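From a predicted model like this one, the values you see are computed outputs, not experimental measurements. Below, all heavy atoms of this structure are taken into account, side chains as well, without hydrogens, waters or symmetry copies. Lettering of chains follows the sequences in order, A, B, ..., and the numbering in each one begins at 1.
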Amino acid sequence: MSHLIKLIFNGKEYETSSGVLKNIIRELGIDSKVVGGKIGNKTLVDLFYEPNDGEQIELITIDSPQAMPLYRHTMAHIMAQAIQRLYKGVKFAIGPTIENGFYYDVDLPKTLNEDDLKLIEKEMNKIIEEDISLEHFVMKRDEAIQYFEEKNQPYKVELIKDLNTETLSIYRQGDFTDLCRGPHVPSTGLVKNFKLLSVSGAYWRGDEHNKMLQRIYGTAFYRKEDLGAYLKMLEEAEKRDHRKIGPQLDLFSLHPDVAPGMIFFHPKGTIIRRELEKFWREEHTKAGYVEVITPMVMNETLWRQSGHWDHYRDNMYFTEKEEQSYAIKPMNCPGHIMIYKTKSHSYRDLPLRMCELGTVHRYERSGVVHGLFRARAFTQDDAHIFCAQKQIESEIVGIIDLIDKTYKLFGFPYKVELSTKPDDAMGSDEIWEASTTALKSALEHLGMEYQVNEGDGAFYGPKIDFHVRDSIGRTWQCATIQLDFLMPERFDLNYTGSDNIEHRPVMIHRVIYGSLERFIGILIEHYAGAFPAWIAPVQAIVLPISEKHVEYALKIGKQLEDSGIRVEIDERSQKIGYKIREAQLKKVPYMLIVGNREMESDSIAVRMRSGKDLGSMKVHEFIEKISEEIKEKYQKSIFEVK
RNA sequence: GCCAGCGUAGCUCAGCUGGUAGAGCAACUCAUUCGUAAUGAGUAGGUCUAGGGUUCGAAUCCCUACGCUGGCUCCA
């Protein structure tokens with residue numbers, strides 16, 4: 001006898017016999033908002049699904065976050081349908097959902113632009129209004145190939161031919177039929193809130209040897225507010241763009257004609273960078289690191305030995321002198337290895353934690369450079385830890401402590417990902433096993449949640465990546481910790497154990513900021529240019545009301561400067577409103593306004609960049625407060641915190 | 001590198017179907033000496049990314065190069 005199917009909905013359990021989910025639900029009289037279900041903890045199905053005997057399905061409604069993939073996937077089909085109606089001869093490739101929306105790749109003789117997107121949106125709205133029911137059915141392989149050949153859909157035919165199944169899942173909504181695994185919502189009228197965002201090129205199957213198709217990106221949400229919030233986030237991100245704010249705040253400039261993909265840090269940007277470096281040095285010294293400086297240009301032979309010449313040559317810059325070929329370093333590890341090798345090491349020396357703010361150059365294809373985020377020259381806050389196998393775990397714990405401390409400073413929550421042995425790995429299974437276990441137990445020891453990416457490690461060792469989440473919800477990969485068995489092997493690194501025999505150390509590569517440039521870019525966008533006082537290029541600006549107060553302003557400025565505060569004085573003959581506006585736009589944390597009242601009482605009127613007027617206070621009082629704020633590296637103004 | 005869009009003053013942008021460049025802000029000068037987000041007047045500033053072509057005439061049309069933007073790909 002057959003087992004019953006169990007459905008779970010709103011905490012209630014229903015037992016039923018076989019059939020298509022849609023019909024089962026109708027018979028049970030369950031809420032019409034149900035659009036699909038979840039089997040186990042991952043497989044999503046829609047109402048066309050026919051449950052197997054004994055299967056347990058948790059039903060999901062259209063307004064739940066879990067239904068998002070169905071919602072957006074159907075939206076992608078509606079977009080495709082609209083395109084099919086509007087443009088003749090369109091050939092469809094793939095149209096999946098992605099993190100914040102969906103896209104569809106199409107092959108179309110006409111190149112689409114913004115106006116076309118509006119037209120497509122209009123047609124999509126029509127399709128939604130038409131409330132077309134979706135149908136699902138299967139075709140036999142040959143039948144499907146013939147069907148899509150007749151419809152002149154070569155990409156679909158290619159997809160089918162690559163699939164090793166005898167039957168293919170097909171969805172149809174009115175005049176549009178697509179090869180599709182699903183799942184979908186049952187009707188086009190169920191979806192509503194969407195927006196098409198952009199068109200761009202994308203290679204068929206991501207291979208640059210293939211034809212370039214047009215990819216149309218869109219986003220969709222069940223709730224209109226969520227769509228609005230998402231669009232607002234995009235807008236906010238645009239406003240915070242570091243490539244815009246950076247030059248506006250006089251932090252850095254780019255000169256693509258002179259040095260494409262490289263950064264010119266202005267005095268103000270340099271202050272931020274030096275503050276980050278200062279913090280970094282202090283913490284690394286405390287954590288037992290030694291700092292080194294290695295050459296920018298090293299002989300090609302070194303890079304051959306390290307393996308970079310074989311694996312990384314295309315990304316390297318070379319230069320020639322005295323008939324010798326040199327490479328500009330793309331990584332710091334070989335330099336550190338040279339230092340390690342200058343003497344014999346004992347187990348007592350380990351772990352040896354060698355760090356360097358090492359500027360590296362990597363050739364990046366012209367289309368990919370992007371402000372501070374993706375440069376051709378950047379400075380890594382790099383370190384290599386040479387240690388014994390059994391020290392790995394405690395070293396990892398130490399690194400994570402450092403990372404945690406650093407990210408907390410900026411208020412970045414973060415996610416951790418562990419990547420394990422890939423197929424093309426080098427090194428024995430035992431070593432991989434042991435080190436992966438060491439990484440895991442370090443994470444568990446610290447009680448950290450993490451996601452495992454099986455097979456995603458580097459070929460030379462497993463790694464842990466850290467993704468920070470910025471103030472508008474975007475995530476960025478910054479820190480990474482990578483174990484390396486290969487380099488010690490290639491360079492024949494040794495240390496003498498307590499057993500008086502030679503052992504091979506393990507190398508741990510790690511960065512915390514990642515790259516100073518990129519991290520500064522992230523900070524600019526995270527804070528929208530309004531940096532905490534300790535890294536703010538100008539911490540306070542003195543604004544005299546009129547010329548009569550300039551002398552007093554200079555005196556105040558001097559006092560602050562003597563206390564180590566970065567201060568400016570705006571002596572221009574402008575109205576106070578004008579000066580405030582400018583200081584505000586420059587995001588200076590504190591404006592110190594001085595006029596007759598302040599002169600008489602030997603005080604200053606303090607205004608915060610938030611617009612809040614703190615009223616007047618004695619100069620020494622302000623200096624004490626801001627000094628504490630700077631010293632303690634507060635995220636927010638001390639006047640708001642306390 | 002590839003696809004698409006774009007390139008006009010330091011910045012933001014006008015400049016219709018070709019008739020030899022315009023605004024606001026910033027800068028500079030002068031006046032103003034002002035109490036919490038823009039005082040007024042004046043001055044200066046452009047080989048319209050570069051090179052070629054079509055034309056009596058090109059910022060405008062065409063071609064090429066370079067750069068930028070959004071993606072593909074890659075990555076810190």
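Taking the centre of each ring, A:Phe410 and A:Phe519 come in below the 6.0 Å mark. A ring-centre distance under 6.0 Å is found for A:Phe373 and A:His242.
Relative orientation of the A:Phe221 and A:Tyr230 rings is tilted, given thresholds of 30° and 60° on the angle between their planes. Aromatic ring pairs are classed by plane angle as parallel below 30°, tilted from 30° to 60° and perpendicular above 60°; the pair A:His509 and A:His384 is perpendicular.
Regarding contacts with the backbone of B:C74, every side-chain N or O of A:His370 stays at 4.0 angstrom or more from both OP1 and OP2. Between A:Arg215 and the phosphate of B:U73, there is no side-chain N or O to OP1/OP2 separation shorter than 4.0 Å.
Look at the C1' atom in both B:A9 and B:C48: the space between them is 10 Å, to the nearest Å. Taking atom P on both nucleotides, B:U43 is separated from B:C25 by 15 Å, rounded to a whole Å. B:A21 and B:G45: their P atoms are spaced 15 Å apart (whole Å). Distance check on atom P: B:G46 versus B:G40 gives 26 Å, rounded to whole Å. On the C1' atoms, B:G53 is 44 Å away from B:G42, given to the nearest whole Å. To the nearest whole angstrom, the two P atoms, one in B:C28 and one in B:U64, are 44 Å apart. Distance noted for atom P between B:A59 and B:C3: 29 Å (whole Å). Comparing B:C61 with B:G15, their P atoms sit 13 Å apart, to the nearest whole Å.
Rounded to an integer number of Å, the gap from NE2 of A:His255 to P of B:C68 is 13 Å. Atom CG in A:Asp250 sits roughly 16 Å away from atom P in B:G10 (whole-Å rounding). Note: CZ (A:Arg510) to C1' (B:A76) measures 13 Å, nearest angstrom. Residue A:Tyr407 contributes atom OH, which lies 10 Å from atom C1' of B:A76 at whole-angstrom precision. Atom CG of A:Leu196 is separated from atom P of B:G71 by 16 Å (rounded to the nearest Å). Following rounding to the nearest Å, A:Arg365 (CZ) and B:C72 (P) show an atom-to-atom distance of 13 Å. Rounded to whole angstrom, the span from the CG atom of A:Asn332 across to the C1' atom of B:A76 amounts to 12 Å. Counting to the nearest Å, the P atom of B:A76 and the CD1 atom of A:Ile481 are 14 Å from each other.
Counting non-hydrogen atoms under 4.0 angstrom, A:Val368 reaches a base of the nucleic acid. Residue A:Arg518 is in base contact, counting any heavy-atom pair closer than 4.0 Å across all strands shown. Within the 4.0 angstrom heavy-atom criterion, no nucleotide atom of any strand lies near A:Arg205.
Position along RNA chain B of the nearest nucleotide to A:Gly514 versus A:Asp241 favours A:Asp241 as the more 5'-ward residue. Annotation: of the two residues near RNA chain B, A:Ala479 and A:Val369, the 5′-most nearest-nucleotide partner is A:Val369.
Applying the Watson-Crick and G-U wobble criteria (two distances, each under 3.5 Å), B:A14 pairs with nothing in any strand. Using the Watson-Crick or G-U wobble rule with both distances under 3.5 Å, B:C74 pairs with nothing in any strand shown. When both pairing distances are held under 3.5 Å, B:C28 makes a Watson-Crick or G-U pair with B:G42. Judged by Watson-Crick or G-U wobble contacts below 3.5 Å, the nucleotide B:U54 has no partner. Pairing partner, B:U20: none, since no Watson-Crick or wobble contact has both distances short of 3.5 Å. If you check B:U69 for Watson-Crick or wobble pairing at under 3.5 angstrom, you find it paired to B:A4. Remark: B:U33 base-pairs with no nucleotide; criterion is Watson-Crick or G-U wobble with both hydrogen-bond distances under 3.5 Å.
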Below 3.5 Å is the cut-off: list the nitrogen or oxygen pairs between protein and nucleotides 2-6 of chain B, distance only.
residue	atom	partner	partner atom	Å
B:C2	O4'	A:Tyr203	OH	3.4
B:C2	O2	A:Tyr203	OH	3.2
B:C3	O2	A:Gly201	N	3.4

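The side-chain heavy atoms of A:Met608 and A:Leu614, taken from C-beta on, include a pair separated by under 4.5 Å. Residues A:Val567 and A:Gln539 have side chains not in contact (no heavy-atom distance under 4.5 Å, counting atoms from C-beta outward).
Look at A:Arg274 and A:Glu277 and you find a salt bridge, because one of the NZ, NE, NH1 or NH2 atoms lies within 4.0 Å of a carboxylate O, short of that distance. A salt bridge links A:Arg205 with A:Asp162: at least one charged nitrogen is closer than 4.0 Å to a carboxylate oxygen. A:Glu235 has no carboxylate O lying under 4.0 Å from a charged side-chain N of A:Lys232, or vice versa, which leaves the two without a salt bridge.
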For this session: Summarise protein proximity over nucleotides 27-43 of chain B in one line of letters, 5' to 3': B for base, S for sugar-phosphate only, - for none, counting protein heavy atoms closer than 4.0 Å.
Result: S----BBBBBBBB----

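One distance of note links CG of A:Asp105 with CE of A:Met212; it measures 10.0 Å at 0.5 Å rounding.
Residue pairs meeting the salt bridge (charged side-chain N to carboxylate O under 4.0 Å, His left out) criterion with at least one member in residues 402-422 of chain A, sequence neighbours excluded, are A:Glu283-A:Lys405, A:Asp404-A:Lys408, A:Lys421-A:Asp429.
Checking B:G70, B:C75, B:C72 against the side-chain heavy atoms of A:Tyr217 singles out B:C72 as nearest.
Using modelled atom types and a 3.5 Å distance limit, the side chains of A:Asp116 and A:Tyr87 yield a donor-acceptor pair.
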